[in-house]
Amino acid sequence: MASNGLRSSAAMEKWLAVVGIGEDGVAGLGQEARGLIAGAAHVFGGARHLALAQSLIRGAVHPWPAPFDTAARAVLELRGQAVCVLASGDPFLYGVGATLSRHVPPGEMRVVPAPSAFSLAAARLGWALQDVGTVSLHGRPITLILPLLHPGRRVLALTSDGQAPAAIAALLTEAGFGASDFHVLEALGGAEEAVRASRADAVGDTVFHPLNVVAVMVIAGEAARILPRAPGLDDDLFAHDGQITRREVRALTLSALQPRCGELLWDIGAGAGSVAIEWMLADPSLRAVAIEENETRAARIRENAARLGVPGLRIVTGAAPAALDGLPQPDAVFIGGGGTDAGVVPAAIEALRHGGRMVANAVTLAMEMLLLDLHRRHGGELTRIALARAAPLGGMTGWRPAMPVTQWRWVKP
């Protein structure tokens, strides 16, 4: 039989077992999971996991090291021996399984997951999990929940500790979602399991069991800060001093940049950071670096990113091109300001990966002349954007034109 180049994982030695365990401990494990724990020469896990499985463990016990960054190395040092790693619920849902899989081929692993916290929470509430927005706020900024807050939507969030639900409820209240149905599901699957429900704005400073999941049935108030799914957020959602790519032009700019999952954007001369923020809102896998020379504006970008649910936006305070040194290679570049400064455009072109997209907008004659020259030398597309808004004119209404924008889009060959 001709080989298709694929190796049979069954033929490889599976030295590493990854076993999901719930709050019900050994009682919730199947025969395979029990056998993997009992037969391991080395068992890794958090203190809670090791305590839950204590009656089965026969080998050496290895609590996770601190910092956790060295955990994978500790496991790999025992490669070829019978090693078992204990994890909470599903090891591949924001769990250690995903970390280990970056170092260990799947053919060397045997994974036995338990129900995830999301699955247990959905089962308790009677929610169809495929229709629920999910997010992990465990060790991550709680503002990541903000893009999920749409009227009538159901959201499940993993948390870090017993104080986190109150902080999340306060965030929802501040954003105009205080009337939302707010559930805290504690110690799911264990003897201390409990479900407490209230309005988000009634949670106050209540402290919950440290193992909990927050569930929200979103109800929006009249002034709720709802983030639309299409590009072109209202300008008023951003704090700015007038240096902002306006809504309609921003929507066209995002369309020209064509975000694709996993990509990185450089937003040079970021102003209010609106383009970088909307790039990241398009998909959780997208990353961006906002480069802004003005320190006040850079601080404002950080505030906007947090308020609009993309706290992972990287902000570099400095002037391009010097501020571009050492940054990871971009898949797309937007030049919204500072494009006429010496060396900025050549540095961006040099850094852009092959097949990457560059978009630059011009409102001044100097920048427009630069874009015309770039189009002449490199090709690409030139677009003229002219907008007019209805405004009072005497006792009537007339069209008031905005400053026209010239946009250059180019794909690096």
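Of the possible donor and acceptor atoms, one in the side chain of N294 sits under 3.5 Å from a partner among the backbone N and O of R297. In this structure, R34 contributes its side chain and L29 its backbone to a donor-acceptor pair below 3.5 Å. Side-chain N or O atoms of W279 include one that pairs as donor or acceptor with a backbone N or O of R287 at under 3.5 Å. Using a distance-only test at 3.5 Å, with no hydrogens or angles considered, a donor-acceptor pair links the side chain of T173 to the main chain of A169. Using a distance-only test at 3.5 Å, with no hydrogens or angles considered, no donor-acceptor pair links the side chain of K412 to the main chain of G356. A donor-acceptor distance shorter than 3.5 angstrom exists from the side chain of D283 to the backbone of S285, with no hydrogens or angles considered. Checked by atom type and distance alone, the side chain of H138 pairs as donor or acceptor with a backbone atom of T159 at under 3.5 Å. A donor-acceptor pair under 3.5 Å links the side-chain atoms of S180 to the main chain of I219, judged by distance alone. R357 contributes a side-chain N or O that, together with a main-chain N or O of L257, makes up a donor-acceptor pair within less than 3.5 Å. Checking side-chain atoms of D90 against main-chain N and O of P115 turns up no donor-acceptor pair under 3.5 Å.
Contact between A117 and V213 at its shortest, heavy atoms only, is CB-CG2, 3.7 Å. Across all non-hydrogen atoms, the minimal contact from V359 to A256 is CG2-CB, 3.7 Å. Scanning both residues, A87 and V96, for their nearest heavy atoms gives CB-CG1, 3.7 Å. Taking each heavy atom of S274 and I244 in turn, the nearest pair found is OG-CG1, 3.7 Å. Minimum interatomic distance between G20 and A114 (heavy atoms only, all atoms of both residues): O-CB, 3.5 Å. Across P106 and K14, no two heavy atoms sit closer than the pair O-NZ, 3.9 Å.
Using a 4.0 Å cut-off between charged nitrogen and carboxylate oxygen, E13 and R79 do not count as a salt-bridge pair.
Separation of atoms NE2 (H375) and CG (L370) is listed at 13.5 Å; rounding is to 0.5 Å. Distance OG1/T206 to CD/Q163: 11.0 Å, rounded to 0.5 Å. Atom CD in E293 sits 12.5 Å away from atom CD1 in I291 (nearest 0.5 Å). The structure places CG of L286 at 12.0 Å from CG of L313, a figure rounded to the nearest 0.5 Å.
No side-chain heavy atom of L129 sits under 4.5 Å from any side-chain heavy atom of D131. Using a 4.5 Å heavy-atom threshold, the side chains of R250 and V275 count as touching. In this structure, V289 and L264 have side chains that are in contact, with non-hydrogen atoms separated by less than 4.5 Å. Contact of the T134 side chain with the V155 side chain is not registered, since no non-hydrogen atoms from C-beta on lie closer than 4.5 Å. At least one side-chain heavy atom of E174 sits less than 4.5 Å from a side-chain heavy atom of R307. Using a 4.5 Å heavy-atom cutoff, the side chains of H150 and I226 are in contact. Using a 4.5 Å heavy-atom threshold, the side chains of V333 and P330 count as touching. Side-chain atoms of T383 and I385, non-hydrogen and from C-beta on, do get closer than 4.5 Å to each other.
Environment of CD in E222: sparse, with no more than 12 heavy atoms of neighbouring residues, nucleotides or ligands closer than 6.0 Å. Surrounding CD of E192 are at most 12 heavy atoms belonging to other residues, nucleotides or ligands under 6.0 Å away. More than 12 non-hydrogen atoms from other residues, nucleotides or ligands lie less than 6.0 angstrom from CD of Q81. Within a 6.0 Å radius of CZ in R400, no more than 12 heavy atoms belonging to other residues, nucleotides or ligands are found. Within a 6.0 Å radius of CD in E263, more than 12 heavy atoms belonging to other residues, nucleotides or ligands are found. Within 6.0 Å of the CZ atom in R384, the count of heavy atoms belonging to other residues, nucleotides or ligands exceeds 12. Within a 6.0 Å sphere centred on CD of Q54, other residues, nucleotides and ligands contribute 12 heavy atoms or fewer. Around the CD atom of E295, the shell of radius 6.0 Å holds no more than 12 heavy atoms that belong to other residues, nucleotides or ligands.
Counting only N and O atoms by type, the side chains of T406 and E368 include a donor and acceptor under 3.5 Å apart. Between Q243 and R300, the side chains place no donor N or O within less than 3.5 Å of an acceptor N or O (distance only, hydrogens not considered). No hydrogens or angles considered: a donor-acceptor pair under 3.5 Å links the side chains of S88 and H49. At a cut-off of 3.5 Å, with distance as the only test, a side-chain donor of Q407 or N361 sits close to an acceptor on the other residue.
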Exercise for the section: Dump the intermediate steps for salt bridge (Lys or Arg N to Asp or Glu O under 4.0 Å) on D331 and R353, then the final yes or no. Expected result: CA-CA 6 Å; D331 301 285; R353 72 164 178 81; 2.6 Å; yes

Problem - Stepwise ring-ring contact (aromatic ring centres under 6.0 Å, His included) check, H378 with W410 - result: CA-CA 8 Å; H378 297 284; W410 174 70; 5.4 Å; yes

Problem - Step-by-step salt bridge (Lys or Arg N to Asp or Glu O under 4.0 Å) determination, R246 to D235 - result: CA-CA 6 Å; R246 298 291 175 176; D235 295 343; 3.4 Å; yes

Exercise for the section: Please step through side chain to side chain contact (heavy atoms under 4.5 Å, CB included) for the pair F92 and S101, ending with a clear verdict. Expected result: CA-CA 9 Å; F92 281 87; S101 68; 3.9 Å; yes

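Paired with R153 under the rule side-chain contact (heavy atoms from CB on, under 4.5 Å), one option of L148, V132, V216 passes, and it is L148.
Proximity of the aromatic rings of F44 and W64 is defined here by a centroid distance below 6.0 angstrom, and this criterion is met.
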